[in-house]
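Just so you know, these numbers use all the heavy atoms, side chains as well, and skip hydrogens, waters and symmetry mates. Within every chain, numbering begins at 1; the chains are lettered A, B, ... in the order of the sequence lines, protein sequences first and strands thereafter.
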There are 2 protein chains.
Amino acid sequence: MTNIRDLAKMAGVSVTTVSRVLNNHPYVSEEKKNAVLKAVKATRYHKNINAVHLSKGKTKLIGVVLPFTDHPYFALLLKGIAKQALEYNHKLLLFQTDYMESRETEALQMLQQKQIDGLIICSRACSMRKIEEYLPFGPIALCECVKGGEISSTYIDHYKIFMDALEFLYRKGHTKIGYCIGRKSGTNSRNRDKAYWDFHEKYHLPHHPEYIFDQCYDYEDGERVLSRVKEMDPPPSALLVTSDQVAAGIVISCNKQQISIPDELAIIGFDNEPIAGMLNITTIDIPLVEMGRNLVHQVLTKEIKNKEISATLIERGTV
Amino acid sequence: MTNIRDLAKMAGVSVTTVSRVLNNHPYVSEEKKNAVLKAVKATRYHKNINAVHLSKGKTKLIGVVLPFTDHPYFALLLKGIAKQALEYNHKLLLFQTDYMESRETEALQMLQQKQIDGLIICSRACSMRKIEEYLPFGPIALCECVKGGEISSTYIDHYKIFMDALEFLYRKGHTKIGYCIGRKSGTNSRNRDKAYWDFHEKYHLPHHPEYIFDQCYDYEDGERVLSRVKEMDPPPSALLVTSDQVAAGIVISCNKQQISIPDELAIIGFDNEPIAGMLNITTIDIPLVEMGRNLVHQVLTKEIKNKEISATLIERGTV
DNA sequence: TTGTATGCGTTATCAG
DNA sequence: CTGATAACGCATACAA
């Protein structure tokens with residue numbers, strides 16, 4: 001592998017001059033510049049980028065932490081992140097965690113070890129305290145509301161959205177409402193749960209903990225939820241489903257079993273994934289691509305900001 | 001930032017000893033080892049990994065080139081890649097290309113510049129010649145059959161599979177068969193097209209170029225295909241659809257428009273994506289996760305091999 | 001078991 | 001406009 005010292009010898013100049021030419025710095029005579037360029041051509045020289053990283057202390061790499069990529073929510077978020085990273089001329093280092101804290105730690109350590117210039121955590125299993133520990137080593141952006149501090153975030157007010165959706169159903173006459181969620185433990189999930197119980201308090205509705213279904217990610221989970229709902233007495237008359245994919249599973253199962261939507265069961269999905277449009281599912285549009293873009297922006301500009309992104313109810317045929 | 005020289009001073013040992021401790025090398029006395037460890041704790045020392053990369057000439061990073069991540073085909077492939085990379089203790093650098101050759105070039109250059117130890121190209125827009133140019137800089141694995149040479153590949157025999165599916169439909173009485181595909185230009189696409197025309201030759205069937213629909217990726221594309229099919233006279237009686245997502249779009253549209261499947265239109269999807277199970281779509285199962293795993297394996301073991309992965313027809317309700 | 005010296009390839013500083 | 005030299009931080013051959 002030829003390096004800039006070799007080039008310098010070949011071109012009869014110093015390494016400094018070579019470096020200048022390579023980085024388009026001014027103050028290099030045409031003559032020497034051409035000599036260097038000629039040597040570059042002749043040797044098919046290419047920089048060893050690790051040396052650049054070491055010397056500069058930067059890598060133009062952003063870490064992205066997410067549990068899995070084969071779910072529309074994260075796939076769309078990642079799409080936005082990738083688009084914006086491209087515009088900023090940065091690349092992405094992927095940490096697929098399956099919600100394992102050890103892998104999140106690994107990502108945080110990469111920040112500390114300077115392999116990445118910043119980190120985007122799309123969803124986390126570890127504590128905020130732990131994340132804060134790593135803040136001195138580089139900017140971190142999250143997808144959940146973070147009050148104050150040095151962490152940036154781009155988030156949805158899930159409490160408000162959930163409450164709005166519940167009220168919407170209530171106005172349509174629903175009082176037995178359940179919901180489906182992925183994890184119970186995330187910040188966003190807890191906000192939703194709080195909205196759920198506050199709603200019940202507000203309207204003095206009976207509590208039905210069995211109307212809450214967790215571990216809902218895929219179509220099959222929707223199928224499973226429906227089979228459980230069918231066995232209930234009384235069953236919920238409406239479901240808030242925090243992924244359109246799961247909502248689609250429920251809708252398709254209902255079709256198969258001649259359960260009428262929205263008459264027997266009303267559904268509101270989340271994310272406005274492509275399948276929701278296809279199946280005419282009423283859903284909450286969450287601009288995931290935009291959120292992804294903003295996360296990159298926050299990490300790279302290093303402005304510590306908490307940006308709320310608004311979600312919109314899209315009325316279609318399942319309510 | 002404290003470095004190993006600082007640690008050496010603090011612990012009263014040489015940098016070599018520090019390095020030994022840090023990398024769990026043998027031949028270090030407990031005493032000195034503890035002294036070093038103590039200094040590590042005290043300073044909250046962490047390696048600068050870029051220095052390691054430079055020194056070793058390796059990064060434990062694998063580049064992954066794919067057009068987009070928000071499509072089940074690539075999402076599942078990526079899932080397999082991520083799983084296996086984790087087992088090999090390597091990380092992934094993502095190149096989302098949108099089939100732009102310039103971005104593929106960038107990935108190849110990262111190999112040359114030693115930012116990545118190897119490259120997996122899930123789908124390419126650039127020429128094989130170009131890829132071969134970069135082979136001297138590190139292992140490259142592709143998702144298409146590569147005859148000989150130094151490139152590894154994990155692939156499906158798309159010609160055979162397509163032909164089998166066509167024959168399957170033929171035996172069911174179909175003679176007017178169309179197909180939907182993403183790009184027309186990829187190697188896999190060309191193999192499929194060849195199978196398509198060879199099939200027509202074999203059974204002396206009339207040619208219907210209008211039965212071929214390209215740019216089919218999403219549900220909406222399936223919808224679009226169906227609306228075009230409806231206007232045809234005669235329309236195809238069966239469609240091979242190279243993504244279950246598109247197939248799902250067609251199936252859902254047919255349901256809406258009371259077009260009976262498989263009586264009026266038979267459908268065979270591809271990939272056995274989750275939605276295919278939900279909608280009872282007959283499909284070709286392609287073990288994408290397994291393929292992803294194998295690609296990583298090939299890149300890291302550097303055995304140059306071409307591994308064919310077999311696909312299986314899953315008979316469900318749309319034929 | 002330990003330490004010295006050197007290499008890895010680039011960028012940055014500063015003097016000329 | 002140019003160049004010598006010092007970082008950057010770690011790994012490792014070799015010597016002891």
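In this model, the phosphate group of D:dG3 is approached by a side-chain N or O of A:Thr17 to a distance below 4.0 Å at OP1 or OP2.
Shown here are the side chain to side chain donor-acceptor pair (under 3.5 Å) partners of A:Arg103, two or more places apart in sequence or in another chain: A:Asp98. Under the side chain to side chain donor-acceptor pair (under 3.5 Å) criterion, B:Lys79 pairs with A:Asp70, not counting sequence neighbours.
Between B:Asp6 atom CG and D:dA7 atom P there is a gap of 13 Å when expressed in whole angstrom units. For B:Lys58 and D:dT12, the NZ to C1' distance is 16 Å, given to the nearest whole Å.
Heavy-atom distances under 4.0 Å link DNA chain C to B:Tyr27, B:Val28, B:Ser29, B:Lys32 of residues 26-39 of chain B, given in residue order.
B:Val13 comes within contact range of the sugar-phosphate backbone alone, with a heavy-atom separation under 4.0 Å but no base atom that close.
Results of the side-chain contact (heavy atoms from CB on, under 4.5 Å) test with A:Ile286 over A:Leu76, A:Leu77, A:Ile156, A:Ile309 single out A:Ile156 as the only residue that passes.
Contact check on B:Arg124 versus B:Glu101 returns no salt bridge, with no Lys/Arg side-chain nitrogen under 4.0 Å from an Asp/Glu carboxylate oxygen.
A cation-pi arrangement, defined by a distance under 6.0 Å to the six-membered ring centre and an angle within 45 degrees of its axis, is present between A:Arg183 and A:Tyr99.
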Report, as a single string ordered 5' to 3', how protein heavy atoms within less than 4.0 Å touch nucleotides 6-16 of chain C: B base, S sugar-phosphate only, - not at all.
-BBBBBBB---
Show your reasoning for whether side-chain contact (heavy atoms from CB on, under 4.5 Å) applies to A:Lys58 and A:His53.
CA-CA 5 Å; A:Lys58 302 262 171 215; A:His53 291 163; over 6 Å; no
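B:Leu142 and B:Leu295 get closest at one heavy-atom pair: O-CD2, 3.4 Å. The two residues A:Asn306 and A:Ile151 make their nearest non-hydrogen contact at OD1-O, 3.4 Å.
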Tell me which donor-acceptor pairs under 3.5 Å the side chains of residues 127-136 of chain B have, and how far apart each pair is, sequence neighbours excluded?
| from | atom 1 | to | atom 2 | distance (Å) |
| --- | --- | --- | --- | --- |
| B:Ser127 | OG | B:Lys130 | N | 3.1 |
| B:Lys130 | NZ | B:Thr105 | OG1 | 2.8 |

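Across the helix from C:dT1-D:dA16 to C:dG16-D:dC1, the helix axis at one end is tilted relative to the axis at the other end by 40° (nearest 10 degrees, each axis from five pairs).
The ring of B:Phe68 has its center closer than 6.0 angstrom to the ring center of B:Tyr217.
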